[in-house]
Amino acid sequence: MSDSAPLLQMQDVVAGYSDSDLVLNHVTLEAAPGKVTAVLGPNGSGKSTSLRVLYGFLSPREGRILLDGSDITETSPQERLELGISLLPQGRSTFPEMTVEENLELGGWLWRHDRARLRRAVEDTFERYPKLADLRKRHAGSLSGGQQRILEIARTLILDPSVLLIDEPSVGLAPVLVNEVYQDLEALKDDGRTILLVDQNVQAAAHLADYIYTLAYGKNDVHGDTEAFEGQLGDVIRSWLRI
């Protein structure tokens with residue numbers, strides 16, 4: 001991993017959605033501060049489930065979740081949001097009948113009783129995303145897929161989280177829109193954000209990442225600095241196709 005202590009850790013986690021369903025089998029992941037960590041693997045390998053456990057949507061049967069060294073395994077998603085963990089879920093998550101501005105305000109729900117603070121956060125977001133500022137009164141459902149994805153990313157930043165969990169940011173997007181989304185993720189990386197990323201777009205995710213984990217059958221497979229995977233991604237993907 002990185003020389004710096006990990007900011008977010010999943011330690012030896014076992015988890016599933018029912019007593020007879022085991023999705024994660026002693027999985028360990030670490031996200032270093034200010035770095036992008038990608039979790040890659042074939043469908044059904046446990047990537048998105050890992051994010052759900054990290055965010056608190058799914059409780060582990062065994063193992064721990066640590067944030068900056070503190071055990072947060074038993075904390076709720078809202079508490080984790082308050083602690084600085086934000087999740088961009090897979091698929092569309094905008095509210096189509098609400099405006100761009102209203103969607104951003106929902107991202108700052110924790111600050112709903114401090115309207116001045118929330119207003120500053122929304123305006124700061126529009127400064128960062130001037131294209132969204134031009135669309136602030138448009139209903140989110142009228143935006144293109146790429147615009148909606150950027151809105152979703154912007155909404156996760158309203159509370160200025162220390163960790164971003166991002167699940168399949170390129171799903172359902174045309175290649176040109178994937179490039180736009182990854183350019184924005186690159187800018188977040190340049191800002192020093194800590195990002196843990198899951199995506200089926202292996203090439204794009206690997207290009208962005210500083211460190212890569214791969215999962216197979218719900219277990220850790222291989223992992224290492226991105227440089228260690230150079231020239232090997234094709235072989236890794238072919239191995240998934242044989243699973």
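Position 1 is the first residue of the sequence, and the numbers go up from there. Keep in mind that this is a model prediction, so the values were computed, not measured.
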Keeping to residues at least two apart or across chains, list the salt bridge (charged side-chain N to carboxylate O under 4.0 Å, His left out) pairs with something in residues 84-105.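 Output for this query lists R92-E152, E101-R119, E101-R136, E101-K137, E105-R115, E105-R119.
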If every non-hydrogen atom of [X] is compared with every non-hydrogen atom of [Y], which pair is closest and at what distance?
| X | Y | value |
| --- | --- | --- |
| G16 | L58 | O-CD1, 3.5 Å |
| L7 | S162 | CD2-O, 3.9 Å |
| N103 | M98 | ND2-O, 3.4 Å |
| T28 | D12 | OG1-N, 2.9 Å |
| A15 | V53 | CB-CG2, 4.0 Å |
| T73 | R64 | OG1-CA, 3.3 Å |

Tell me, do [X] and [Y] make a side-chain contact under 4.5 Å, heavy atoms counted?
| X | Y | result |
| --- | --- | --- |
| V163 | L165 | yes |
| L22 | R61 | yes |
| D184 | R149 | no |
| Y182 | D199 | yes |
| I153 | L185 | yes |
| L173 | E180 | no |
| L157 | R193 | yes |
| Q147 | L135 | yes |

Between Y55 and D167, does any side-chain donor sit less than 3.5 Å from a side-chain acceptor? no
Please tell me whether I65 and F57 are part of a single hydrophobic cluster in this structure, the criterion being side-chain heavy atoms less than 4.5 Å apart. yes
Tracing side-chain links under 4.5 Å among I, L, V, M, F, W and Y, which residues wind up in one group with V171? none
Step-by-step side-chain contact (heavy atoms from CB on, under 4.5 Å) determination, K131 to I150: CA-CA 10 Å; K131 291 182 180 179; I150 295 299; over 6 Å; no
Flag, side chain of Y213 to backbone of G41, donor-acceptor distance under 3.5 Å: no
Using modelled atom types and a 3.5 Å cut-off, is there a donor and acceptor pairing between side-chain atoms of S170 and backbone atoms of V178?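 Absent.
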Report the C-alpha distance between L188 and R128 in whole Å, list the side-chain angles of each, state the deciding distance to 0.1 Å, and finish with yes or no for side-chain contact (heavy atoms from CB on, under 4.5 Å). CA-CA 11 Å; L188 294 176; R128 181 184 179 92; 2.9 Å; yes
